[in-house]
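Following: one structure in C-alpha cells, then a few remarks.
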Protein chains: 2
Amino acid sequence: MALPRQTSSPVKPRVKRPTLKDVAGHAGVSLSTASLVFSGRGPVSPATADKVRAAAAALSYAGPDPLASSLRHGRAGTVAVVVEGRLTLAFSDPFALSVLDGLATELDTIPAGLLLLARVAGDDERLLTQLAAAAYDAVAFPLCAPKDDPAVDFLAGRGIPMIGAGAPVDPRILHVEVDERGLSAAMARHVTQLGHSRIGHVTLPMGAAAQARILCPADLDQANYPDARERAYGVLDVAPQARIVEAPDPGVSAGEAAARLLLDAPPDRRPTAIVAQSDLLAAGVIRAAREVGLRVPEDLSVTGVDGLDLPWLDQVLTTVVQDGFAKGRMLGSMIADAMAGRTVRPRPFPTALRIGTTTGPAPAG
Amino acid sequence: MALPRQTSSPVKPRVKRPTLKDVAGHAGVSLSTASLVFSGRGPVSPATADKVRAAAAALSYAGPDPLASSLRHGRAGTVAVVVEGRLTLAFSDPFALSVLDGLATELDTIPAGLLLLARVAGDDERLLTQLAAAAYDAVAFPLCAPKDDPAVDFLAGRGIPMIGAGAPVDPRILHVEVDERGLSAAMARHVTQLGHSRIGHVTLPMGAAAQARILCPADLDQANYPDARERAYGVLDVAPQARIVEAPDPGVSAGEAAARLLLDAPPDRRPTAIVAQSDLLAAGVIRAAREVGLRVPEDLSVTGVDGLDLPWLDQVLTTVVQDGFAKGRMLGSMIADAMAGRTVRPRPFPTALRIGTTTGPAPAG
DNA sequence: GATACTAGTCGAAACGATTCGACCGACACG
DNA sequence: CGTGTCGGTCGAATCGTTTCGACTAGTATC
C-alpha cells in the first residue's frame with residue numbers, strides 16, 4: 001500500500017511543551033485564573049498565585065507562548081528594520097551603526113525586539129517574502145527610505161506604520177527629516193567661499209552599480225536612494241559645474257576608487273575640492289589623494305558628512321555633524337508613538353557644520 | 001461616576017484589517033479553500049483560485065497574518081541573535097559583522113528572520129525579558145556564548161535550540177568549535193620562537209570592566225566570556241610569565257589603552273612582544289607603540305586574531321585568520337538543522353596562521 | 001437583616017490562520 | 001451498470017493565549 005501523499009517534510013515535531021492549560025490543570029484552577037497569574041493583570045489571591053507558580057515550576061513551564069500571546073494581543077512586539085544591502089557593507093559605516101544603536105536603545109523601552117531585514121538592490125522579491133513571512137508592528141528605514149519600492153505598497157496595504165530618516169520620498173513613510181540638500185549645499189558653499197571652482201562630488205550608492213562611475217546630472221533622477229540624490233542636488237545648487245562620481249558602496253575603498261576617477265586628470269582639469277557624501281567616503285578620497293601625491297588641504301580640500309570619530313585619520317575632517325545615536329532614538333520614539341496609536345508627525349533633525357583641517361584655500365593657479 | 005479601573009493604555013485599536021474569512025466570504029468559497037489558495041498546498045481549481053485572488057485584491061488583503069500562521073505551524077520563522085553589549089561596540093569589529101552577515105545569508109535560505117538582542121553585561125534581566133516576550137525558533141550566540149547565564153536555563157526550559165561559536169561553555173549549547181586556546185598558544189609560540197621572552201597579552205573584555213586593567217592569572221577563572229579566557233590560557237600555556245591586560249571593549253582605542261598599561265614601564269621590563277586577542281586590539285597596540293616611540297616590529301612585535309582587512313594599517317598583521325562569513329554560515333546551517341529537527345553535532349572550524357610584517361626577532365639586549 | 005459592593009474565580013468567545021477527514025460528483029474500467 | 005479513484009470543496013478541530021461577562025461568597029453599610 002502506497003503512501004497516500006508524501007508527508008510534507010521529515011520534521012520531527014518539536015517535543016511537546018506544557019501549556020498554560022496543563023499548568024492550570026496541575027494547579028487545580030481554571031485556565032483564565034492561571035493566565036491572570038502570569039499577566040499580573042487581574043486580582044488573584046496570593047494563595048492561588050503561589051499554587052499556579054508552583055505548578056509551573058513543577059512542569060517547567062517557562063511562561064506563556066509569545067506567539068499565542070501576540071496573536072491575541074494583536075501586536076508582535078517587534079519592529080522590522082530594513083537595511084540596504086549586505087549587512088557587512090551596511091554597517092561598515094559607524095554612522096549606520098550608531099543609528100541602529102540609538103534605535104535599539106529606544107525600542108528597548110517600549111519594549112520591542114528588532115528584526116533585521118536586508119534589502120539587496122535589484123532583488124525586491126526577497127525583501128517582500130521576508131516582510132510577508134515575519135511578524136512586526138512597524139518598519140523602520142533607518143538609513144534611507146527606498147524609492148518606488150513594492151515593499152512600501154505592501155506595508156501600506158497591511159496598515160503597518162513606516163518610519164524613515166532622511167529625505168522624504170513617499171507620503172506614507174513618516175520621517176525624521178534631515179535637510180539633505182541643504183547640508184550638502186552648505187558644504188559646497190564652504191569650499192566655493194574658499195575660492196574653489198573645480199569641484200568634485202562623491203556620492204553614496206544610488207543603485208546597484210558594481211563599481212565607481214561618473215554620473216551626469218540627468219542620472220540623478222533615476223537614483224534609488226533619495227538621500228544620495230538630494231545631497232547631489234545640493235552640491236549642484238551651489239556648484240552646477242561640479243563633476244559627480246558615484247561610489248559603489250559606502251566603504252572607504254569605494255570612496256578611494258570614486259575619487260580616483262576624479263583625480264586621474266591633467267592637473268589643470270583636476271578638482272581642487274571634493275565634497276563627499278559621507279566621512280567614510282571622504283577618508284577614501286584622502287587616501288586616493290595621497291596616492292597620487294596630493295596634499296590635503298594644500299592641493300585638495302575634502303569634506304564629508306556625519307562627523308564620525310575616525311582615530312586612524314590624522315586630520316580632522318571638515319564635515320556636517322549629525323548625532324547618529326540621537327537620530328536612532330528619534331526614529332525609535334516616533335515608532336513608539338505610532339505603535340501606541342498616537343498621531344506621529346515628521347520631526348526635523350538638526351545638523352551642524354564642523355570646519356576641520358581638510359579644507360583650505362584653493363591653490364593658486 | 002468614576003471610571004471602574006484605569007484602562008490599561010490609550011491605544012487606539014489598529015484599524016481592522018480584512019481576514020482570510022472576509023476574503024473567503026467575498027469570493028463565495030469556504031475559509032479552508034481560501035487558505036489553500038494562499039498556501040498553495042492543496043488542489044484548487046484555477047477558477048476558484050482566481051476568484052479568491054480577485055476577492056483579496058478587492059479587499060486589499062495582503063496575505064495571511066504571520067502571527068496566526070506561525071501559531072498554527074508552531075514556528076516563528078525567526079532566529080534570535082544575542083550580541084554582547086551595545087550594538088555600536090559589538091559591531092564596531094568588522095569580524096563580528098562578517099559573522100552576522102554569514103549568519104543572515106544562511107538564514108535567508110531557510111528562510112528565517114533575524115531578531116537582534118543585546119546582552120549588556122550586568123543586566124541579565126533585560127535579556128530575559130526580551131527572550132520571554134519575543135517569538136523565535138532558535139538562538140544564536142554568534143560571538144561568544146555566555147557563562148552561567150540565566151538566559152541559557154530559560155531557553156533550555158523552553159526547548160529552544162541554542163547554537164554558539166567559540167569555546168564550548170554549556171553542554172546545552174551546540175557549538176561551532178574553534179580551538180581558541182590552541183590558536184592563541186600558536187601565536188605565543190610564534191613570538192617565543194622569534195626569541196621574545198617578555199610577552200604581553202591584551203585580552204578582549206571578560207566582564208564589565210569600565211577601563212583597561214591588569215589581570216592576574218587567577219582572575220581568568222571568573223571571566224564571563226570563555227573565548228577570552230581560553231585565549232589567555234593559551235598564551236599562558238606557552239608563556240606562563242606573560243603579563244595580561246584586559247581591554248574594556250573590542251575597539252581600537254581600548255586596545256591602545258590596554259597596551260599603554262604594558263608599555264608604560266622601564267625599557268628593560270617592557271614587553272618586546274604583545275599578543276592581542278583580536279586584530280582590532282592589535283591595531284590599538286600598534287598605535288600605542290608609535291605614541292611611545294617604539295617601532296613595530298623592530299622594538300615591539302604585535303599579533304592579532306581574525307585576519308581582518310585593515311586598509312588604514314600600513315602593515316600586514318601577523319594573525320590567526322578565520323573566515324567570519326563562513327563561520328556565520330556554519331552557525332546558520334547548524335541552526336537550520338536544529339530547526340528541521342535533524343540532530344546537530346558540534347562542528348570544528350578551521351583557522352590558519354598568517355605571518356605578516358608586525359612580528360620580528362626580539363631586539364638584542 | 002436586607003442591600004450593595006468587592007475580591008476572587010471561572011466558562012466561553014475571541015485572535016486568524018492551517019489541516020484532517022469527509023463528502024460529492026465525474027470519469028475510467030471491467 | 002457497479003465499483004474504485006481522484007480532483008475539488010468544505011466543516012470542524014486546533015494552535016495557546018487573553019479577556020469579557022457572569023457568578024459566588026464574604027464584608028461593609030444603613
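Keep in mind that what you see is a predicted model, and the values were worked out from it rather than measured. Chain naming here is simple, since letters A, B, ... match the order of the sequence lines and numbering starts at 1 in each.
Between the side chains of A/T105 and B/R86, at least one donor N or O sits under 3.5 Å from an acceptor N or O. Looking at A/S35 and A/S32, their side chains never bring a donor and an acceptor atom within 3.5 Å of each other. If you check the side chains of B/T33 and B/S30, you find a donor sitting under 3.5 Å from an acceptor.
When the C1' atom of C/dC15 is taken as reference, atom CZ of B/R72 falls 14 Å away, rounded to whole Å. Between the CG atom of B/L71 and the P atom of C/dA14 there is a distance of 17 Å, given to the nearest Å. The distance between atom CZ of B/R17 and atom P of C/dG16, rounded to the nearest whole Å, is 12 Å. In this entry the distance linking NE2 of A/H73 with P of C/dG16 reads 14 Å, nearest Å. Counting to the nearest Å, the P atom of C/dC10 and the NZ atom of A/K51 are 8 Å from each other.
Sequence neighbours left out, the pairs with a member in residues 159-173 of chain A that pass side-chain hydrogen bond (donor to acceptor under 3.5 Å, both in side chains) are A/D153-A/R172, A/D170-A/R172.
Closest approach of A/L107 and A/G113 over heavy atoms only: CD1-O, 4.2 Å. When all heavy atoms are compared, the tightest approach of B/V52 to B/F38 is CG1-CE1, 3.9 Å. The heavy-atom pair separating B/K327 from B/A165 by the smallest distance is CE-CB, 3.8 Å.
The stretch residues 126-135 of chain B has no heavy atom under 4.0 Å from DNA chain D, so no residue of it qualifies as close. Residues of residues 22-37 of chain A having a heavy atom closer than 4.0 Å to DNA chain D, listed by number: A/L31, A/S32, A/S35. Contact check of residues 54-63 of chain B against DNA chain D (heavy atom, cut-off under 4.0 Å) returns no residues at all.
Think of the region where chain A sits on DNA chain D: with heavy atoms and a 4.0 Å cut, that region ends 5' and 3' at D/dG16 to D/dT19.
Between B/R347 and B/D337 there is a salt bridge, since a side-chain N of the basic residue sits under 4.0 Å from a carboxylate O of the acidic one.
Remark: A/D123 engages no residue in a salt bridge (Lys or Arg N to Asp or Glu O under 4.0 Å) (not counting sequence neighbours). Annotation: salt bridge (Lys or Arg N to Asp or Glu O under 4.0 Å) contacts of B/R329 (sequence neighbours excluded): B/E106. Every residue two or more places apart in sequence or in another chain was checked for a salt bridge (Lys or Arg N to Asp or Glu O under 4.0 Å) with A/R72, and none qualifies. Partners of B/A326 by side-chain contact (heavy atoms from CB on, under 4.5 Å), not counting sequence neighbours, listed by chain and number: B/D323, B/F349.
The phosphate of C/dT9 (OP1 or OP2) has a side-chain N or O of A/T48 nearer than 4.0 angstrom. Neither OP1 nor OP2 of C/dA7 sits under 4.0 Å from any side-chain N or O of A/S45.
By the 4.5 Å heavy-atom criterion applied to side chains, A/V139 and A/I163 are not counted as neighbours.
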Could you go through residues 59-68 of chain A and list every donor-acceptor pair under 3.5 Å that involves a side-chain atom there, pairing it with any protein atom two or more places apart or in another chain?
residue: A/Y61; atom: OH; partner: A/G63; partner atom: O; Å: 3.4
residue: A/D65; atom: OD1; partner: A/L67; partner atom: N; Å: 2.6

Considering only distance and modelled atom types, tabulate donor-acceptor pairs under 3.5 Å from the side chains of residues 19-26 of chain B, sequence neighbours left out.
residue: B/T19; atom: OG1; partner: B/K21; partner atom: N; Å: 3.1
residue: B/D22; atom: OD2; partner: B/T19; partner atom: N; Å: 2.8

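Proximity of a side-chain donor or acceptor of A/S70 to a complementary backbone N or O of A/R75 within less than 3.5 Å is detected.
Helix bend of the helix from C/dG1-D/dC30 to C/dG30-D/dC1: the angle between its two end axes, each built from five pairs, comes to 40° after rounding to 10°.
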